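All remarks here apply to the structure that follows.
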Amino acid sequence: MKVIAERRAKAEEMKARGENPFANDFKVSHLAEDLSALFAEHSLEDLEAAIAEGSAPRFAIAGRLMAKRSFGKVAFGSLRDRSGDVQLSFFRPELDTDIWTAMKKADLGDIVGCEGVMMRTKAGELSLKVDLFRVLTKSLRPLPDKWHGLTDTATRYRQRYVDLIVTPEARDTFKMRSKVLRYLRQFFDKRDYMEVETPMLQPQYGGAAAKPFETHHNALDMKLFMRIAPELNLKRLVVGGFHRVYEINRCFRNEGISTRHNPEFTSLEFYEAFATYEDLMRLTEELISGLAEHLHGTSTLPWGDHELNLSAPFRRLSVRDGLAQYAGVPTESFYDREVLMEAAKRLKIGKAESMPLGYLQMAVFEEACEADLIQPTFVTDFPLDVSPLSRRKESEPTLVDRFELYVGGQEIANAFSELNDPDDQRGRFEAQVEARDSGDDEAHPMDEDFIRALEYAMPPTAGEGIGIDRLVMLLTNNTSIRDVLFFPLLRPEH
RNA sequence: GGGCUAUUAGCUCAAUCGGUAGAGCACCGGACUCUUAAUCCGUUGGUUGAAGGUUCGAGUCCUUCAUGGCCCA
């Protein structure tokens, strides 16, 4: 490519002049935002006077050259470092010829180092009046169009480094993601939770209904799974006496890829002894509305064509009522297989005949309700069949003390009062094993050690998992999970 | 997995009925002492995603493949 060849030639010219096009000897004194903060109140005249009497402080900044506008004897540039942008100004009559030439030769995208004093332009803009200028790192490839940026999604994801340079929204999203994680840690730390880490490589997987990735440990010649959830290990820690724990980390599920699924994703799971799922609803409301306030100063956020109201309290909707309101299944027919089958047929749900009742109830619920649950909604009272780790509802033992939080038409959180009766747990696992044997490859496998742990007594506990990627999507108004992951999984390029 | 759709210069996009692939930005050269998408003048830049096919002639039509996007399951 011609442009690359030209830039390589410039790098060679630098070498010929004894300059290193990949130098690492420039000392930075300040960031762009330091300069705008320090001089926010200084007038053009003040700054000119300081320069004239030689009392103006000198600054050394470095970053990527993002724009260049040159005239006969004056030029302006824009330098971006990790804090933001600052304008550079060059005045030919006052500069060494070499410095002016170096500036003229510099390409957009080069990493440059500048020294000088602060001034204001006639338009009033703060500007570093440069007297020393070097290309520190030569950029060999041209940046995308400075106005249109990168629009091709494949390129944006595959070459995220370029996307981050030219797409401010992408930068903002990832800054926001980082803030979310920090907020979550502070939120739980304040409540005396302990952050823990549990294995991602496991001889036995569990804690969710999903297909795992498998791998192999050579030394032990043993099959290992990538975890699909940290749940069982976190509950082992509760048994061990760590009564408030949370883990923020990656989970892996060997499933399809879509705008809301990536094979690896980040989950927050937290467990609190002596709490119930109802306590967690209040905690979740506080967490999410607090997060919105913290990030945006409001709990009303745009989401596609909608506006989300994330202020507490959130709506509560039992699965039973949801089926009645959205799927035309009267509350008294909640357990009526025929009525549910009619609804399933209407909603074109495949393989409904072979589903156990709880699965059928949830399949109909998800198909009929999910997309309409835009405003935050706690869906409660799940069927026992689909909840092998949840505590039975005392008033209605075919249901469990569980909720899922839906926002923006997608599941954000899943929580329940934990099942801590080891015998009931064994029965649930056995039912899951049976389901697996009859073809459900997402059924939960038996975990003898987990039952043994429960036999030592796990205090009454409530636990919750929150999908961090989806949460960030909501908080940044991104409708694709790929926009909140630095490097989403894609097919190989060639 | 199925349907629809897209892929053209480094980037953003044009190209009428199938008839010589073009513009803006970037780049290169020139003018210019306050710009901020600077402006003006002049150049350069193409295996039209890949492979086949139809045709005198294919960016355009057909087939297959690759990679995205949207919708459905």
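All chains are named by letter (A, B, ...) in the order of the sequence lines, taking the proteins before the strands, and each is independently numbered beginning at 1. This structure is a prediction, so every number in the text was calculated from the model and none was measured.
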Original post:
With sequence neighbours left out, what residues match I51(A) under side-chain contact (heavy atoms from CB on, under 4.5 Å)?
Top reply: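 Here the qualifying residues are A56(A), V117(A), M119(A), K129(A).
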
Original post:
Going by heavy atoms closer than 4.0 Å, what residues in residues 32-49 of chain A are next to RNA chain B?
Top reply: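 The stretch gives none, as no residue of it lies under 4.0 Å from the strand.
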
Subject >> Residue of the set D85(A), L65(A), V86(A) for which side chain to side chain contact (heavy atoms under 4.5 Å, CB included) holds with R80(A) >> reply: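 The passing option is D85(A).
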
Subject >> side chain to side chain contact (heavy atoms under 4.5 Å, CB included) partner of Y406(A), the single match among E366(A), Q375(A), R315(A) >> reply: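 It is E366(A); the other options fail the test.
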
Original post:
Reckon K146(A) has a side-chain N or O less than 4.0 Å from the OP1 or OP2 of A26(B)?
Top reply: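 Result: yes.
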
Original post:
OP1 or OP2 of G10(B) less than 4.0 angstrom from a side-chain nitrogen or oxygen of R141(A), does that happen here?
Top reply: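 Negative; the distance criterion is not met.
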
If you restrict it to nitrogen or oxygen atoms, what contacts under 3.5 Å exist between nucleotides 69-73 of chain B and the protein, and what is each distance?
unit_1: G69(B); atom_1: OP1; unit_2: R482(A); atom_2: NH1; d: 2.5
unit_1: G69(B); atom_1: OP2; unit_2: R482(A); atom_2: NH1; d: 3.2

Subject >> Residue closer to the 5' end of RNA chain B, K68(A) versus L108(A) (nearest nucleotide) >> reply: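 Comparing both residues, the 5'-ward one is L108(A).
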
**OP:** Take T155(A) and A67(A), find for each the nucleotide of RNA chain B with the closest heavy atom, and name the residue whose nucleotide sits nearer the 5' end.
**Re:**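 Nearest-nucleotide comparison on RNA chain B picks T155(A).
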
If I pick the [atom1] atom on [M] and the same atom on [N], what distance separates them, to the nearest angstrom?
N: U43(B); M: G30(B); atom1: P; result: 15 Å
N: U54(B); M: U60(B); atom1: P; result: 15 Å
N: C72(B); M: A26(B); atom1: P; result: 42 Å
N: G45(B); M: G24(B); atom1: P; result: 15 Å

Original post:
Does D145(A) make a side-chain donor-acceptor contact with the base of G10(B), cut-off 3.5 Å?
Top reply: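 It does not, because no donor-acceptor pair links the side chain of D145(A) to the base of G10(B) below 3.5 Å.
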
Original post:
Dot-bracket for RNA chain B, 5' to 3', counting Watson-Crick or G-U wobble pairs under 3.5 Å, with [ ] for crossing pairs and | for inter-strand pairs?
Top reply: (((((((..((((.....[..))))..((((.......))))......(((((..]....)))))))))))).

Original post:
Is the gap between the ring centers of F59(A) and F39(A) under 6.0 Å?
Top reply: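 Yes.
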
**OP:** Could you encode protein contacts along nucleotides 28-36 of chain B as a string, one character per nucleotide from 5' to 3', using B for base contact, S for sugar-phosphate-only contact and - for no contact, with a heavy-atom cut-off of under 4.0 Å?
**Re:** S---BBBBB

Per-pair distances, 0.1 Å, donor-acceptor, side chain in residues 342-353 of chain A, under 3.5 Å, sequence neighbours excluded:
unit_1: R346(A); atom_1: NH2; unit_2: A327(A); atom_2: O; d: 2.6

Original post:
Is the base of C41(B) syn or anti, if syn means a glycosidic angle within 90° of 0?
Top reply: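 Nucleotide C41(B) adopts anti.
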
